[in-house]
Asker: 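Structure provided below as structure tokens; questions to follow.
The chain is numbered in sequence order, starting from 1. Just so you know, these numbers use all the heavy atoms, side chains as well, and skip hydrogens, waters and symmetry mates. Just so we're clear, the structure is a prediction, and the values are computed from it rather than from any experiment.
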Amino acid sequence: MKLSVQITRGIESLFGTRDENIRLIEQSLGVRAILASDCVELEGPSGETQRAARILEDYAALMREGHVFLNGELNSFLRVVTADEQVTLRGLVQSGKQRSFGKKVLAPKTVNQRRYLEAIERNDLTLGIGPAGTGKTYLAVAMAVSALLAKSVSRIILTRPAVEAGERLGFLPGTLQEKVDPYLRPLYDALFDMLDAERVEKLLERNTIEVAPIAFMRGRTLNDSFIIIDEAQNATTEQMKMILTRMGFNSKMVVNGDVTQIDLPSGRKSGLIQALEVLRGVPGIGLVHFDEQDVVRHTLVQRIVKAYERYNEQTQGRQLSLSLGPAPEPTPADPS
């Protein structure tokens, strides 16, 4: 089947760097796209060609209406739209309208990112589970900054486990704060992306924004706060119970983690995994699962995540077959 879709604006954005966007459509839907003057000609199986045409028609209409796709944004949208027949490009763009977060204006780039933001808005406790690069930390910090600027909360608490990597904290140089700051750097990075550096420094000095390891939270009650627990897969079961019960009045809490990247010592169960089991079905708690389709970093990161998933599945299968092993042969009777 052949179809032609007129594209009068934004042809460079549609094709993308090294044609990555149009190639994504071709590979995902099994169609062939050819640029001809002011239109794109599509050729392939009937159903897939019609789906591709709807995507391009939505793109052309959005461009006529003045929509601007930011760097890498269109590619992220196309990954979602080509993977799910029920999602349209227009619907995805309109449902993820841009929001102002301090000096940043952002829009969720995937369906799960939109669900994540909506879950944070609706619930006092939200769990975000998924691989690296899906925007869990960044969007949570953005929502925290937005709540602080709107005076919905009076402070932001950012915390994560300071899991030791080779060296013990006591043997690292510097003050206690200097010892733990490297573990908390991703949270600082997100803050400085949302607010001017001078303002962040002032808020940190006044403890309006507090960045500290989970261990520092024991014995406290966090009222009127937006609390983010990052890298929660590395919290012990005791730490997780402790931090979850710190939430006070007029507070929101977001717990993020990747259960495939647990750095706890062998034999220690992840507090995040236990929390998913314990809190299942509890009203007032939002749960959003991200997958490799939600990775919004370099496209290679998405492939790396998928490759590790395949490797883990194959390794687990081999380990299971080895543990079962062949049935032991019967011991011959002693002739004596």
Side-chain angles (χ1 to χ4, degrees), residues 68 70-73 76 96-110 113 116-117 120-121 126 128 130-163 165 169 172-217 222 224-235 243 251-258 261 290 294-298 301:
V68 177
L70 303 177
N71 184 34
E73 190 177 48
S76 298
K97 291 192 182 298
Q98 292 185 338
R99 306 165 184 234
S100 178
F101 300 105
K103 67 179 183 180
K104 276 282 186 179
V105 177
L106 303 173
K109 295 182 179 179
T110 70
Q113 283 193 353
Y116 182 59
L117 295 181
I120 293 173
E121 288 176 336
T126 302
T134 51
K136 303 184 299 297
T137 301
Y138 195 82
L139 290 175
V141 172
M143 291 294 282
V145 168
S146 178
L148 182 68
L149 295 179
K151 301 190 185 312
S152 302
V153 297
S154 62
R155 59 180 172 167
I156 298 173
I157 310 289
L158 306 174
T159 183
R160 66 189 292 182
V163 175
L169 290 176
L172 293 176
T175 65
L176 181 59
Q177 192 63 42
E178 289 170 339
K179 292 173 191 288
V180 300
D181 271 358
Y183 296 99
L184 306 168
R185 181 49 52 188
L187 298 173
Y188 284 112
D189 290 343
L191 275 177
F192 283 112
D193 216 19
M194 304 291 164
L195 299 169
D196 293 325
E198 186 177 342
R199 189 169 189 183
V200 173
E201 295 295 347
K202 287 181 179 178
L203 292 171
L204 288 168
E205 286 174 11
R206 297 171 189 162
N207 277 336
T208 302
I209 297 178
E210 183 178 349
V211 186
I214 280 182
F216 288 23
M217 299 294 118
L222 305 174
D224 200 27
S225 303
F226 197 115
I227 309 141
I228 300 173
I229 299 98
D230 197 37
E231 298 290 339
Q233 77 276 4
N234 289 327
I243 194 65
S251 289
K252 275 187 181 289
M253 182 178 286
V254 179
V255 180
N256 291 323
D258 178 2
Q261 294 193 43
F290 295 88
D294 300 300
V295 173
V296 291
R297 292 181 184 166
H298 193 290
V301 175

Asker: Taking G257's backbone N and O only, do any of them form a donor-acceptor pair with Q233's side chain (distance below 3.5 Å, no angle check)?
Answerer: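 Answer holds: no.
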
Asker: Return the minimal non-hydrogen interatomic distance between D224 and S154, and the atom names on each side.
Answerer: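 Nearest heavy atoms, D224 then S154: OD2-OG, 2.8 Å.
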
Asker: So do the side chains of T137 and I228 get within less than 4.5 Å of each other, counting heavy atoms only?
Answerer: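 With C-beta onward as the side chain, the pair stays apart.
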
Asker: Can you give me the closest heavy-atom contact between L222 and R155, atom names plus distance?
Answerer: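 Reported closest heavy-atom pair: CA-NH2, 3.7 Å.
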
Asker: Report yes if some heavy atom in the side chain of Y116 is under 4.5 Å from a heavy atom in the side chain of T134; otherwise report no.
Answerer: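 A side-chain contact under 4.5 Å is absent here.
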
Asker: Of all heavy-atom pairs between G128 and F290, which one has the smallest distance, and what is that distance?
Answerer: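 Smallest interatomic distance, heavy atoms only, reads CA-CE1, 4.3 Å.
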
Asker: List the atom of V255, the atom of A232, and the distance in Å for their closest heavy-atom pair.
Answerer: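 Result for this residue pair: CG1-CB, 3.5 Å.
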
Asker: When I229 is tested against each of V254, N256, T159 for side-chain contact (heavy atoms from CB on, under 4.5 Å), which residue passes?
Answerer: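 Looking at V254, N256, T159, the match for I229 under the side-chain contact (heavy atoms from CB on, under 4.5 Å) is T159.
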
Asker: Hey, could you give me the CG/CZ distance between L187 and R160, rounded to the nearest 0.5 Å?
Answerer: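 With rounding to 0.5 Å, CG (L187) is 5.5 Å from CZ (R160).
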
Asker: Of all the heavy-atom pairs spanning A147 and F226, show the shortest one and how long it is.
Answerer: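 Looking at all heavy atoms of both residues, the shortest contact is CB-CD1, 3.9 Å.
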
Asker: Quick one: closest heavy-atom pair of I243 and M253, and the distance?
Answerer: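 For I243 versus M253, the nearest heavy atoms are O-CE, 3.2 Å.
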
Asker: If only atom types and distance count, is the side chain of K252 paired as donor or acceptor with the main-chain N or O of E121 below 3.5 Å?
Answerer: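 Answer holds: yes.
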
Asker: Looking at P131, is its backbone amide N or carbonyl O close enough to the side chain of K136 to form a donor-acceptor pair, meaning the two atoms are under 3.5 Å apart?
Answerer: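 Judged by distance alone, yes, a pair lies under 3.5 Å.
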
Asker: For the backbone of I156 and the side chain of S225, can you confirm whether one donor and one acceptor N or O come within less than 3.5 Å of each other?
Answerer: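 Looks like no, no N/O pair under 3.5 Å.
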
Asker: Going by the side-chain contact (heavy atoms from CB on, under 4.5 Å) test, name the single residue among I227, D230, L191 that passes it with L158.
Answerer: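 Considering I227, D230, L191, a side-chain contact (heavy atoms from CB on, under 4.5 Å) with L158 is found only for L191.
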
Asker: Return a table of donor-acceptor pairs under 3.5 angstrom between the side chains of residues 199-217 and protein atoms on other chains or two or more places apart.
Answerer:
from	atom 1	to	atom 2	distance (Å)
E210	OE1	R220	NH1	3.4
E210	OE1	R220	NH2	3.0
E210	OE2	R220	NH1	2.7

